[in-house]
Trainee: 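Have a look at the structure that comes next, please.
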Amino acid sequence: MAFYRLHGVTLATDVPLRALLPPGRPPADVTFILAEVAPWPAAVWSAARCVGGAPPHTALWQSGAALCLREPGVADAYIGTDTIVYHPSTPASQAVIELRLLGPLLSLWLDRRGVANLHAAAVVLAGRAHMFLATNGGGKSSLAAGLVAAGASLLSDDLVALSPTAPVQIAPGSPQLRFWPDTGDHFFGDHRSFPLVHPNYTKRWVTFGRDWGRWSASPAPLAAIYLPERAGPGEQSETRLAQLPPRAAVLALIRHTFSARFLPTDLQADRLAFFTQLVGEIPILRLHYPGGYDRLPIVAQALLRSAEGATRPHEGEPARETAG
(Lines give C-alpha, C1' and ligand atoms only; values in the text may rest on other atoms or scores of the structure.)
Protein backbone atom coordinates (compact mmCIF):
# COMPACT_ATOMS: atom_id res chain seq x y z
CA MET A 1 0.00 0.00 0.00
CA ALA A 2 1.41 3.38 -1.02
CA PHE A 3 0.61 6.59 0.85
CA TYR A 4 0.38 10.05 -0.71
CA ARG A 5 -0.27 13.53 0.69
CA LEU A 6 -2.31 15.99 -1.37
CA HIS A 7 -5.03 18.59 -0.76
CA GLY A 8 -4.30 18.38 2.95
CA VAL A 9 -5.24 14.69 3.30
CA THR A 10 -3.44 11.34 3.14
CA LEU A 11 -4.47 8.97 0.36
CA ALA A 12 -3.60 5.27 0.45
CA THR A 13 -3.89 2.86 -2.47
CA ASP A 14 -2.31 -0.24 -3.92
CA VAL A 15 -3.35 0.89 -7.42
CA PRO A 16 -0.27 2.03 -9.40
CA LEU A 17 -0.41 5.74 -10.23
CA ARG A 18 1.50 7.50 -12.99
CA ALA A 19 1.41 10.89 -11.27
CA LEU A 20 4.44 11.68 -9.13
CA LEU A 21 2.41 12.53 -6.02
CA PRO A 22 4.06 13.78 -2.81
CA PRO A 23 4.54 10.94 -0.30
CA GLY A 24 2.42 10.60 2.81
CA ARG A 25 2.50 8.58 6.03
CA PRO A 26 -0.11 6.32 7.62
CA PRO A 27 -2.77 6.45 8.83
CA ALA A 28 -4.72 7.26 5.68
CA ASP A 29 -7.67 9.63 5.59
CA VAL A 30 -9.05 7.82 2.55
CA THR A 31 -8.18 4.54 0.84
CA PHE A 32 -8.78 3.98 -2.87
CA ILE A 33 -9.67 0.40 -3.87
CA LEU A 34 -10.42 -1.34 -7.17
CA ALA A 35 -13.28 -3.84 -6.85
CA GLU A 36 -14.36 -6.73 -9.07
CA VAL A 37 -17.95 -6.56 -7.79
CA ALA A 38 -20.32 -3.60 -7.68
CA PRO A 39 -19.71 -1.40 -4.61
CA TRP A 40 -23.40 -1.27 -3.65
CA PRO A 41 -25.63 -4.37 -3.49
CA ALA A 42 -29.14 -4.22 -4.90
CA ALA A 43 -30.66 -3.64 -1.45
CA VAL A 44 -28.68 -0.42 -1.04
CA TRP A 45 -29.60 0.79 -4.53
CA SER A 46 -33.29 0.33 -3.77
CA ALA A 47 -32.95 2.68 -0.79
CA ALA A 48 -30.78 5.25 -2.58
CA ARG A 49 -31.94 8.53 -4.07
CA CYS A 50 -30.47 10.48 -6.96
CA VAL A 51 -28.91 13.73 -5.76
CA GLY A 52 -27.03 14.94 -8.85
CA GLY A 53 -26.87 14.39 -12.58
CA ALA A 54 -29.63 12.82 -14.66
CA PRO A 55 -30.14 9.07 -15.02
CA PRO A 56 -29.58 7.14 -17.26
CA HIS A 57 -26.52 9.35 -17.79
CA THR A 58 -23.83 9.94 -15.17
CA ALA A 59 -25.56 10.53 -11.86
CA LEU A 60 -24.79 10.68 -8.14
CA TRP A 61 -26.79 8.55 -5.71
CA GLN A 62 -26.94 8.80 -1.94
CA SER A 63 -27.80 6.30 0.78
CA GLY A 64 -27.23 7.64 4.27
CA ALA A 65 -23.76 9.19 4.37
CA ALA A 66 -22.54 7.15 1.38
CA LEU A 67 -22.45 8.32 -2.23
CA CYS A 68 -22.17 6.42 -5.48
CA LEU A 69 -21.20 8.02 -8.77
CA ARG A 70 -22.65 5.90 -11.57
CA GLU A 71 -21.25 6.21 -15.09
CA PRO A 72 -23.33 3.76 -17.15
CA GLY A 73 -21.11 1.49 -19.19
CA VAL A 74 -17.99 2.89 -17.49
CA ALA A 75 -17.97 2.36 -13.72
CA ASP A 76 -19.68 2.66 -10.36
CA ALA A 77 -17.71 4.39 -7.62
CA TYR A 78 -18.66 4.16 -3.96
CA ILE A 79 -17.59 7.13 -1.84
CA GLY A 80 -17.68 6.41 1.87
CA THR A 81 -16.32 8.11 4.96
CA ASP A 82 -12.80 6.75 4.57
CA THR A 83 -12.88 4.73 1.35
CA ILE A 84 -13.39 5.21 -2.38
CA VAL A 85 -14.20 1.93 -4.14
CA TYR A 86 -14.07 1.89 -7.93
CA HIS A 87 -15.80 -0.85 -9.94
CA PRO A 88 -15.23 -0.59 -13.71
CA SER A 89 -18.01 -1.99 -15.88
CA THR A 90 -15.42 -3.03 -18.47
CA PRO A 91 -11.62 -3.25 -18.25
CA ALA A 92 -10.36 0.28 -17.65
CA SER A 93 -6.96 1.74 -18.46
CA GLN A 94 -4.72 3.05 -15.72
CA ALA A 95 -5.10 6.55 -17.20
CA VAL A 96 -8.91 6.47 -16.90
CA ILE A 97 -8.82 5.16 -13.32
CA GLU A 98 -6.29 7.77 -12.26
CA LEU A 99 -8.19 10.64 -13.90
CA ARG A 100 -11.36 9.59 -12.10
CA LEU A 101 -9.60 9.26 -8.74
CA LEU A 102 -7.69 12.54 -8.82
CA GLY A 103 -10.65 14.43 -10.30
CA PRO A 104 -14.35 13.78 -9.58
CA LEU A 105 -13.96 11.01 -6.98
CA LEU A 106 -11.53 12.86 -4.74
CA SER A 107 -13.55 16.04 -5.29
CA LEU A 108 -16.76 14.39 -4.07
CA TRP A 109 -14.98 12.82 -1.11
CA LEU A 110 -13.62 16.25 -0.13
CA ASP A 111 -17.13 17.67 -0.51
CA ARG A 112 -18.41 15.13 2.03
CA ARG A 113 -15.73 16.34 4.46
CA GLY A 114 -16.89 19.92 4.06
CA VAL A 115 -13.87 20.93 1.96
CA ALA A 116 -14.79 23.22 -0.93
CA ASN A 117 -12.81 22.46 -4.08
CA LEU A 118 -12.69 24.33 -7.35
CA HIS A 119 -11.76 23.78 -10.99
CA ALA A 120 -8.71 26.01 -10.97
CA ALA A 121 -4.94 26.38 -10.89
CA ALA A 122 -3.06 27.90 -7.98
CA VAL A 123 0.45 29.32 -7.62
CA VAL A 124 2.42 30.83 -4.76
CA LEU A 125 3.45 34.48 -5.20
CA ALA A 126 5.28 36.36 -2.45
CA GLY A 127 4.40 33.61 0.01
CA ARG A 128 0.66 33.62 -0.68
CA ALA A 129 -1.63 31.57 -2.91
CA HIS A 130 -3.21 33.05 -6.02
CA MET A 131 -5.88 31.03 -7.80
CA PHE A 132 -7.20 31.14 -11.38
CA LEU A 133 -10.73 29.85 -11.96
CA ALA A 134 -11.46 28.56 -15.46
CA THR A 135 -12.96 25.68 -17.36
CA ASN A 136 -10.93 23.65 -19.86
CA GLY A 137 -9.30 25.98 -22.37
CA GLY A 138 -9.92 29.02 -20.17
CA GLY A 139 -6.25 29.89 -19.78
CA LYS A 140 -5.61 28.88 -16.17
CA SER A 141 -2.73 26.51 -16.95
CA SER A 142 -1.04 28.98 -19.33
CA LEU A 143 -1.28 31.71 -16.70
CA ALA A 144 0.09 29.39 -14.03
CA ALA A 145 3.01 28.41 -16.27
CA GLY A 146 3.67 32.06 -17.13
CA LEU A 147 3.82 32.98 -13.45
CA VAL A 148 6.10 30.05 -12.61
CA ALA A 149 8.41 31.18 -15.44
CA ALA A 150 8.48 34.59 -13.71
CA GLY A 151 9.44 33.12 -10.33
CA ALA A 152 6.26 31.71 -8.77
CA SER A 153 5.76 28.10 -7.63
CA LEU A 154 2.94 25.80 -8.71
CA LEU A 155 0.69 24.80 -5.81
CA SER A 156 -2.12 22.82 -7.48
CA ASP A 157 -3.66 22.39 -10.92
CA ASP A 158 -7.14 21.32 -12.05
CA LEU A 159 -8.52 20.55 -8.57
CA VAL A 160 -7.80 23.14 -5.85
CA ALA A 161 -9.07 22.54 -2.32
CA LEU A 162 -9.77 25.35 0.17
CA SER A 163 -9.30 24.81 3.90
CA PRO A 164 -12.69 25.10 5.68
CA THR A 165 -11.27 27.21 8.54
CA ALA A 166 -9.99 30.78 8.59
CA PRO A 167 -7.61 32.00 7.44
CA VAL A 168 -8.34 30.08 4.25
CA GLN A 169 -5.34 28.17 2.93
CA ILE A 170 -4.62 26.05 -0.13
CA ALA A 171 -2.78 22.81 0.46
CA PRO A 172 -0.46 21.42 -2.21
CA GLY A 173 -2.13 19.20 -4.77
CA SER A 174 -0.42 17.18 -7.45
CA PRO A 175 2.82 18.68 -8.85
CA GLN A 176 1.58 17.90 -12.37
CA LEU A 177 0.16 20.57 -14.65
CA ARG A 178 -1.91 19.58 -17.69
CA PHE A 179 -1.24 21.52 -20.87
CA TRP A 180 -2.28 21.76 -24.50
CA PRO A 181 0.36 21.10 -27.19
CA ASP A 182 0.95 24.78 -28.01
CA THR A 183 1.43 25.61 -24.31
CA GLY A 184 3.92 22.78 -23.96
CA ASP A 185 5.89 23.83 -27.04
CA HIS A 186 6.17 27.40 -25.73
CA PHE A 187 7.15 26.72 -22.12
CA PHE A 188 8.63 23.23 -21.92
CA GLY A 189 10.04 22.52 -25.37
CA ASP A 190 8.63 19.79 -27.61
CA HIS A 191 5.30 18.82 -26.01
CA ARG A 192 5.66 15.29 -27.40
CA SER A 193 8.42 14.54 -24.88
CA PHE A 194 5.84 14.58 -22.07
CA PRO A 195 3.28 11.86 -21.26
CA LEU A 196 -0.31 12.08 -22.45
CA VAL A 197 -2.93 12.67 -19.78
CA HIS A 198 -5.12 10.12 -21.57
CA PRO A 199 -4.51 8.11 -24.75
CA ASN A 200 -7.50 9.77 -26.45
CA TYR A 201 -6.63 13.34 -25.36
CA THR A 202 -4.11 15.79 -26.81
CA LYS A 203 -3.33 17.22 -23.37
CA ARG A 204 -0.08 16.20 -21.69
CA TRP A 205 1.37 16.85 -18.29
CA VAL A 206 4.63 18.16 -16.89
CA THR A 207 5.89 17.47 -13.36
CA PHE A 208 6.95 20.68 -11.65
CA GLY A 209 10.06 20.56 -9.53
CA ARG A 210 11.40 17.69 -11.66
CA ASP A 211 10.81 18.38 -15.38
CA TRP A 212 10.39 22.15 -15.20
CA GLY A 213 9.75 25.05 -12.84
CA ARG A 214 9.15 25.01 -9.11
CA TRP A 215 6.49 23.33 -7.01
CA SER A 216 5.41 24.38 -3.53
CA ALA A 217 5.23 21.53 -1.01
CA SER A 218 3.76 23.69 1.77
CA PRO A 219 0.26 25.17 2.24
CA ALA A 220 -0.12 28.88 1.53
CA PRO A 221 -2.72 31.41 2.72
CA LEU A 222 -5.12 32.46 -0.03
CA ALA A 223 -4.53 36.03 -1.19
CA ALA A 224 -6.75 36.41 -4.27
CA ILE A 225 -8.91 34.55 -6.78
CA TYR A 226 -8.95 35.54 -10.45
CA LEU A 227 -11.36 34.94 -13.31
CA PRO A 228 -9.17 35.10 -16.44
CA GLU A 229 -10.57 36.93 -19.45
CA ARG A 230 -8.41 37.15 -22.57
CA ALA A 231 -8.67 40.28 -24.68
CA GLY A 232 -10.35 39.63 -28.00
CA PRO A 233 -9.45 41.08 -31.39
CA GLY A 234 -9.71 44.86 -31.33
CA GLU A 235 -9.98 45.07 -27.54
CA GLN A 236 -7.62 46.96 -25.26
CA SER A 237 -4.57 44.84 -24.51
CA GLU A 238 -3.72 46.12 -21.03
CA THR A 239 -3.65 43.84 -18.01
CA ARG A 240 -6.47 44.97 -15.76
CA LEU A 241 -7.80 43.75 -12.43
CA ALA A 242 -11.30 44.65 -11.24
CA GLN A 243 -13.03 43.28 -8.19
CA LEU A 244 -16.35 41.49 -8.70
CA PRO A 245 -19.39 42.56 -6.67
CA PRO A 246 -20.21 40.05 -3.90
CA ARG A 247 -23.14 38.38 -5.67
CA ALA A 248 -21.20 37.91 -8.92
CA ALA A 249 -18.22 36.61 -6.95
CA VAL A 250 -20.31 33.98 -5.14
CA LEU A 251 -21.89 32.86 -8.41
CA ALA A 252 -18.44 32.52 -9.98
CA LEU A 253 -17.29 30.28 -7.14
CA ILE A 254 -20.42 28.13 -7.42
CA ARG A 255 -20.02 27.88 -11.20
CA HIS A 256 -16.40 26.74 -10.87
CA THR A 257 -16.98 24.24 -8.07
CA PHE A 258 -15.24 21.12 -9.33
CA SER A 259 -18.23 18.79 -8.98
CA ALA A 260 -20.89 21.50 -9.15
CA ARG A 261 -23.57 19.41 -10.85
CA PHE A 262 -23.06 16.56 -8.39
CA LEU A 263 -22.97 18.52 -5.11
CA PRO A 264 -25.55 16.78 -2.86
CA THR A 265 -28.49 18.91 -1.78
CA ASP A 266 -27.64 18.65 1.92
CA LEU A 267 -24.25 20.28 1.27
CA GLN A 268 -25.41 23.17 -0.88
CA ALA A 269 -26.50 25.52 1.93
CA ASP A 270 -23.20 25.11 3.79
CA ARG A 271 -21.22 25.64 0.60
CA LEU A 272 -23.17 28.82 -0.19
CA ALA A 273 -22.53 30.13 3.33
CA PHE A 274 -18.80 29.36 2.99
CA PHE A 275 -18.52 31.13 -0.36
CA THR A 276 -20.47 34.14 0.95
CA GLN A 277 -18.04 34.47 3.84
CA LEU A 278 -15.06 33.92 1.56
CA VAL A 279 -15.89 36.81 -0.79
CA GLY A 280 -16.01 39.11 2.23
CA GLU A 281 -12.45 38.15 3.13
CA ILE A 282 -10.68 37.41 -0.17
CA PRO A 283 -10.79 39.61 -3.29
CA ILE A 284 -12.36 37.88 -6.30
CA LEU A 285 -10.95 39.70 -9.31
CA ARG A 286 -11.71 39.71 -13.00
CA LEU A 287 -8.37 39.50 -14.80
CA HIS A 288 -8.47 41.02 -18.28
CA TYR A 289 -5.22 40.27 -20.06
CA PRO A 290 -3.73 40.32 -23.56
CA GLY A 291 -3.65 37.10 -25.55
CA GLY A 292 -0.48 35.52 -26.87
CA TYR A 293 2.28 33.68 -25.05
CA ASP A 294 4.68 36.54 -25.75
CA ARG A 295 2.50 38.81 -23.58
CA LEU A 296 2.37 36.51 -20.56
CA PRO A 297 5.56 37.97 -18.99
CA ILE A 298 3.78 41.35 -18.85
CA VAL A 299 0.75 39.74 -17.19
CA ALA A 300 3.00 37.90 -14.75
CA GLN A 301 4.81 41.08 -13.74
CA ALA A 302 1.50 42.90 -13.18
CA LEU A 303 0.27 40.11 -10.89
CA LEU A 304 3.61 39.94 -9.09
CA ARG A 305 3.43 43.67 -8.35
CA SER A 306 -0.17 43.29 -7.21
CA ALA A 307 0.81 40.37 -4.95
CA GLU A 308 3.55 42.43 -3.34
CA GLY A 309 1.10 44.87 -1.81
CA ALA A 310 -1.33 46.54 -4.20
CA THR A 311 -4.30 48.14 -2.44
CA ARG A 312 -7.46 46.08 -2.61
CA PRO A 313 -9.69 47.68 -5.30
CA HIS A 314 -13.26 48.77 -4.85
CA GLU A 315 -15.99 46.82 -6.59
CA GLY A 316 -15.78 47.24 -10.34
CA GLU A 317 -12.73 49.50 -10.07
CA PRO A 318 -9.47 48.54 -11.80
CA ALA A 319 -6.76 47.57 -9.35
CA ARG A 320 -3.90 48.16 -11.76
CA GLU A 321 -3.34 48.83 -15.41
CA THR A 322 -0.18 47.82 -17.16
CA ALA A 323 0.41 48.91 -20.71
CA GLY A 324 0.91 46.07 -23.12
Side-chain angles (χ1 to χ4, degrees), residues 6-11 28-33 39-40 44-55 57-71 75-86 99-120 122 129 131 133-135 156 158-171 173 219 222 225 227 244 246-282 284:
L6 69 166
H7 306 306
V9 299
T10 299
L11 166 70
D29 296 296
V30 59
T31 300
F32 178 67
I33 303 167
W40 279 8
V44 177
W45 276 116
S46 64
R49 61 190 180 93
C50 186
V51 295
H57 305 291
T58 303
L60 185 69
W61 299 77
Q62 182 173 8
S63 180
L67 300 173
C68 186
L69 186 68
R70 300 205 76 188
E71 299 178 84
D76 293 340
Y78 167 90
I79 301 164
T81 303
D82 55 6
T83 57
I84 299 173
V85 182
Y86 191 75
L99 284 174
R100 296 293 191 276
L101 168 61
L102 299 181
L105 301 184
L106 195 53
S107 168
L108 287 165
W109 184 81
L110 289 168
D111 282 333
R112 294 305 303 172
R113 285 173 62 98
V115 178
N117 52 94
L118 301 167
H119 194 194
M131 185 195 315
L133 299 179
T135 54
S156 190
D158 201 48
L159 191 158
V160 177
L162 308 178
S163 66
T165 56
V168 174
Q169 293 196 1
I170 296 178
L222 181 58
I225 299 174
L227 273 76
L244 270 68
R247 183 175 182 275
V250 170
L251 290 175
L253 293 172
I254 293 172
R255 186 169 64 254
H256 289 92
T257 294
F258 194 94
S259 298
R261 65 192 179 109
F262 296 118
L263 189 66
T265 306
D266 61 327
L267 300 179
Q268 292 176 7
D270 288 344
R271 187 58 48 83
L272 179 61
F274 175 75
F275 285 157
T276 301
Q277 180 178 350
L278 183 67
V279 301
E281 300 171 352
I282 304 295
I284 317 294

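The analysis underlying the following values was restricted to heavy atoms, covering all of them including side chains, and did not include hydrogens, waters or symmetry mates. All values reported here derive from a predicted model rather than from experimental measurement. Count residues from 1 along the sequence.
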Trainee: Which heavy atom in A129 sits nearest to a heavy atom in I170, and how many Å separate them?
Mentor: CB-CD1, 3.9 Å
Trainee: Atom OG in S63, atom CZ in R49: separation rounded to 0.5 Å?
Mentor: 9.5 Å
Trainee: What's the spacing between L105 CG and L110 CG if we round to 0.5 Å?
Mentor: 11.0 Å
Trainee: Among residues at least two apart in sequence or on other chains, which ones pass side chain to side chain donor-acceptor pair (under 3.5 Å) with R100?
Mentor: E71
Trainee: Measuring from atom CG of L108 to atom CG of L263, what distance do you get when rounded to the nearest 0.5 angstrom?
Mentor: 8.5 Å
Trainee: May I ask you to test the R271-D111 pair for a side-chain heavy-atom distance under 4.5 Å?
Mentor: yes
Trainee: Please enumerate all residues that pass side chain to side chain contact (heavy atoms under 4.5 Å, CB included) together with I254, with sequence neighbours excluded.
Mentor: V250, L272, F275
Trainee: What side-chain hydrogen bond (donor to acceptor under 3.5 Å, both in side chains) pairs are there with at least one residue in residues 253-270, not counting sequence neighbours?
Mentor: S107-S259
Trainee: Determine whether L6 and L106 make a side-chain contact, defined as any pair of heavy atoms from C-beta on separated by less than 4.5 Å.
Mentor: yes
Trainee: Can you measure from CH2 (W109) to CG (L101) and round to the nearest 0.5 angstrom?
Mentor: 11.0 Å
Trainee: Indicate the atoms forming the closest heavy-atom contact of M131 with A120, along with that distance.
Mentor: CG-CB, 3.5 Å
Trainee: Could you work out, with side chain to side chain contact (heavy atoms under 4.5 Å, CB included) as the rule, every residue matching A59, not counting sequence neighbours?
Mentor: C50, P55, W61
Trainee: Quick one: closest heavy-atom pair of Y78 and A66, and the distance?
Mentor: CE1-CB, 3.6 Å
Trainee: Which atom names give the shortest non-hydrogen contact between P104 and F258, and what distance separates them?
Mentor: N-CE2, 3.6 Å
Trainee: To the closest 0.5 Å, what do you measure between CG (L60) and CD1 (I79)?
Mentor: 6.5 Å
Trainee: Assess whether side chain to side chain contact (heavy atoms under 4.5 Å, CB included) is satisfied between L253 and I225, documenting all intermediate values.
Mentor: CA-CA 9 Å; L253 293 172; I225 299 174; 4.0 Å; yes
Trainee: Which atoms form the tightest heavy-atom contact between P219 and Q169, and what is the distance?
Mentor: CB-OE1, 3.3 Å
Trainee: So among I282, L278, N117, which one has a side chain to side chain contact (heavy atoms under 4.5 Å, CB included) with L162?
Mentor: L278
Trainee: Is there a donor-acceptor pair closer than 3.5 Å between any side-chain N or O of Q277 and the backbone N or O of V279?
Mentor: no
Trainee: Determine, stepwise, if the pair D76 / W40 fulfils side chain to side chain contact (heavy atoms under 4.5 Å, CB included).
Mentor: CA-CA 9 Å; D76 293 340; W40 279 8; over 6 Å; no
Trainee: My understanding is that only residues two or more places apart in sequence, or in another chain, count here; which of them pass side chain to side chain contact (heavy atoms under 4.5 Å, CB included) with T81?
Mentor: none
Trainee: Is there a side-chain contact between L102 and D158 (heavy atoms, below 4.5 Å)?
Mentor: no
Trainee: To check you understand the geometry: which heavy-atom pair defines the closest contact between A171 and H7, and what is its length?
Mentor: CB-C, 3.7 Å
Trainee: Between CG of L267 and CG of L67, what distance do you get to the nearest 0.5 Å?
Mentor: 8.0 Å
Trainee: List in chain and number order the residues that pass salt bridge (Lys or Arg N to Asp or Glu O under 4.0 Å) with D29, two or more places apart in sequence or in another chain; answer none if no residue qualifies.
Mentor: R5
